Structure formats: C-alpha cells, structure tokens
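What follows is one structure encoded as structure tokens, with my remarks underneath.
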Amino acid sequence: MRKVLSLIMVAVITLVMTGCGSQATKAPEGSGQETVKVQKVNIATGTTSGAYYPIGNAMAKIWSDKVPGVKASAQSTEASAANMNFLQQKEAEVAFTMANVAVYAYEGQDTFKGRANKDLRGMTFLYPNVTQIVVRKDSGITSIKNLDGKRFAPGATGSGTVTNSKEVLGAYNLNFWDKDKSNVKADYVGFTEASELLKNKQVDAANFSGAVPLAAIMDVSNSIDIQLVSMEPDVIKEMITKYPFYYEYVIPKGTYKGQTEDVHTVALANLLITRADLSEDVVYKLTKGIYENLPDMLNAHAITKYIKKEDSNKGMGPIPLHPGSIKYFKEIGVMK
C-alpha cells in the first residue's frame, strides 16, 4: 500500500512540474541523444481576417517542426496594443505589432501612459503596415477631411489600427476618441465586422491598416464598389514630421478591384517583438528559423516577400534588439 501511495505522489509531482513553462522531453532509448528541454512559445498575432494571423500560424509551424526544443502556437488577438499587454503580462513570448504601438508601449506613452515596458526587445522587421482608408464609391467622400460628421470604423479596441486612425484623422483635425471633442462617430470593430458594416451602409468609411493586398478589402470590393482615399501631400509631410516612424507609401492602381488610380498614403513598420527574459539561445534559434524558412512564410501571405535580412533593425526606434537576434544577424553578416 505504501509503495502504491509513493508511486501516486511521484506521478502527481511529475505532472505538476511538467505542466508549467518549459518541458523536458526524453530522447528515445539508445538514440544517443540527450534529453531536450522544450520551450513553449505563444505568438500573439491579430484578427483572423488580417495578415498577422496566417503569418503567425506559419511561423508557429516552422518553429515547432524545424527548431529543436520549441513548441509554438499562434493566438488570435485584437493585434498590436493588446499584444504589447500580453508581453508585459508574460502571456506571450513573441508578438506582432505596428512600430508606433511598440514605441508607445516601450516609452509609456498614449494608452500605455504610466506603465512603460522597458523589457520589450526587437526580433526583426517584418513588412510595411499601410494605412488604407476605404469608402463606398457612392459615399461622395473624396478626402479624409470629408469624414467630419460621418460614421467611421477605426479598428478594434486594443488594436494598433485604432492608434493609426487617431494619428491620421488627427492630422485633419478630426476626432472620434474624445467624447467632448468628437466630430466623427466611431464603431470599434475588427476588419471582418468593418467589411460587413461597409457592405450594409452602416458605416461610411473604415481604416484597414495592414498588409497590401488585404483580404478584408478584397472581400468588400467583391460585394460593392469601393474607393481607397488618398492623403494630400502636405498632410503626408506633416505626419512624417510629427511621427518619424511613418513614411510615404503608394498603393499601385489595380491592387484592388475597381482601383483605377494610385493611392498615396502612409505606412510604418510591422515588427516582431519579444521579451528580454527569453534566453539568447532561444531567440537566436527562433530568428534563424524565420530566415531559413522564408518560402514557408510566403505560402502563408504574399506580403512576407518584404521580410529581408538587410532590414532586420528597420523601424525599431528606441527598442533594442534582443541579443539572440543580434547574434544571428551578426552571424549572417548584416550587423557588425
């Protein structure tokens, strides 16, 4: 009886110890291999209709299948701002984010005021995040300034798209976030919901800040006639001066159904961010896993063609690169 009780206690303790954090996986007997410590990696991505989610899933598969000692999974979230919170709360090891949101989280600005997270570390630049203001073609809206008094979908609560919408509309003296100063009516929804609201004439415009082309915009254009609204040259210059992480971006005509002209807008970097407490070895292997399997990423989304090792530190601003990423980029000769 005592032997049975002892065995039960050992089993319970083993389950508790292996159920938290990293796990040790015993190699097959006689294989000559050592026991491998498994690092769980939760990737905070974005909504299922954006680009972060499919790319994050491809990344998780690469890391789980091709990086020894890593078990990764991708989590659908409300994107950038929510993802920075997940990192701070240690509910994610890696996160997708827009550069402006990452900088605000690192420095404790905007919605992160009073809780700067100096433990954020960069992994790599990913691809451009493009401001794409979409309106119904029959709306009569030809400029963002025409959104005064209109109903607008700025993005889902907790997303970087909302921050981007604040910065862009703010340049036109438009406000949807302050009840006392509001001159635009906001519907805080994700891309899928924004698409439906546009189709049903329940909003006049929506910001689909993300990859080009974006699935949600293609979906709308297949149901109704749409138009992407350009930003005026002087406003673009003002935006870049005020927010140095932005740069001018042209969406070529023909990118979306019915788009007959180039669209002039702004973009900023999409980044992959991690935590300072992850080991150098783990982050080195994760970074290497991305760049040695880029064709697998391309199968997930065409925008990943912009992931280039030469741009590794682009758009990080004040956020330092993780030593693990630095080790890899030095190894392949893109950093000294």
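Note that the coordinates shown come from a computational prediction; the quantities given were computed from them, not determined experimentally.
N183 contributes a side-chain N or O that, together with a main-chain N or O of N175, makes up a donor-acceptor pair within less than 3.5 Å. Remark: the backbone N or O of E78 is not paired with any side-chain donor or acceptor of T47 at under 3.5 angstrom. Side-chain atoms of S76 come within 3.5 Å of backbone N or O of G46 as a donor-acceptor pair. For T265 (side chain) and T131 (main-chain N/O), a donor-acceptor pair under 3.5 Å exists by modelled atom type. The closest donor-acceptor contact from the side chain of Q259 to the backbone of I251 lies under 3.5 Å. For D110 (side chain) and F112 (main-chain N/O), no donor-acceptor pair under 3.5 Å exists by modelled atom type. E280 places no side-chain N or O within 3.5 Å of a backbone atom of I326 that could act as its donor or acceptor partner. In terms of modelled atom types and a separation under 3.5 Å, the side chain of R151 and the main chain of K201 share no donor-acceptor contact. Of the possible donor and acceptor atoms, one in the side chain of N146 sits under 3.5 Å from a partner among the backbone N and O of T142.
Residue S230 holds its OG atom at 7.5 Å from CD1 of I236, rounded to the nearest 0.5 Å. A distance of 10.0 Å separates CD1 of I55 from CG of L298, quoted to the nearest 0.5 Å. Residue D311 holds its CG atom at 11.0 Å from CG of L126, rounded to the nearest 0.5 Å. Taking CG from L268 and OH from Y246, the interatomic distance works out to 5.0 Å, rounded to the nearest 0.5 Å. Summarising the geometry, atom NE2 belonging to H322 is positioned 12.5 Å from atom CZ belonging to F329; distances are rounded to the nearest 0.5 Å. With rounding to the nearest 0.5 Å, the separation of OG in S73 from NZ in K40 is 9.0 Å.
Both V168 and V130 are assigned to one and the same hydrophobic cluster, defined by single-linkage of ILVMFWY side chains at heavy-atom distances under 4.5 Å. In the hydrophobic clustering of ILVMFWY residues, with side-chain heavy atoms under 4.5 Å counting as a link, L286 and F86 come out apart. Using a 4.5 Å cut-off between side-chain heavy atoms of Ile, Leu, Val, Met, Phe, Trp and Tyr, with links allowed through other members, I290 and V282 fall into the same hydrophobic cluster. Residues I307 and Y53 fall into different hydrophobic clusters, defined by Ile, Leu, Val, Met, Phe, Trp and Tyr side chains chained together at heavy-atom separations under 4.5 Å. V250 and I144 are assigned to two separate hydrophobic clusters, defined by single-linkage of ILVMFWY side chains at heavy-atom distances under 4.5 Å.
Heavy-atom neighbours of E292 CD from other residues, nucleotides or ligands within 6.0 Å: above the threshold of 12. The neighbour count for K253 NZ, taken as heavy atoms of other residues, nucleotides or ligands under 6.0 Å away, does not exceed 12.
Residues G50 and L214 share a closest heavy-atom pair of CA-CD1, 4.5 Å. The minimum heavy-atom distance between F152 and V184, with the atom names listed, is CB-CG1, 3.5 Å. Considering every non-hydrogen atom in both A116 and E107, the closest pair reads CB-C, 3.6 Å. Closest approach of R121 and L321 over heavy atoms only: CD-O, 4.2 Å. Minimum interatomic distance between N293 and G289 (heavy atoms only, all atoms of both residues): ND2-O, 2.8 Å. Nearest heavy-atom pair, G258 versus K137, reported as atom, atom and distance to 0.1 Å: O-NZ, 4.3 Å.
D204 and S139 share no side-chain donor-acceptor pair at under 3.5 Å. If you check the side chains of T77 and N83, you find a donor sitting under 3.5 Å from an acceptor. A side-chain N or O of N207 and one of S165 form a donor-acceptor pair less than 3.5 Å apart. No side-chain donor-acceptor contact under 3.5 Å links D148 and Y172. When only modelled atom types and interatomic distance are considered, Y328 and S312 share no side-chain donor-acceptor pair under 3.5 Å. In summary, the side chains of N129 and S209 do present a donor paired with an acceptor at a separation below 3.5 Å, with no hydrogens or angles considered.
Salt-bridge formation is detected for the pair D219/K199: a Lys NZ or Arg NE/NH1/NH2 atom is positioned less than 4.0 Å from an Asp or Glu carboxylate oxygen.
Under the 6.0 Å distance and 45° angle rule, K314 counts as a cation-pi partner of Y247. Figure legend: K118 and Y106 shown as a cation-pi pair, the cationic atom lying under 6.0 angstrom from the six-membered ring centre and within 45 degrees of its axis.
The aromatic rings of F208 and F191 lie tilted to each other, with the angle between the two planes from 30° to 60°.
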| query | Going through the distances and angles, do L198 and V134 end up as a side-chain contact (heavy atoms from CB on, under 4.5 Å)? | reply | CA-CA 9 Å; L198 274 171; V134 177; 4.1 Å; yes
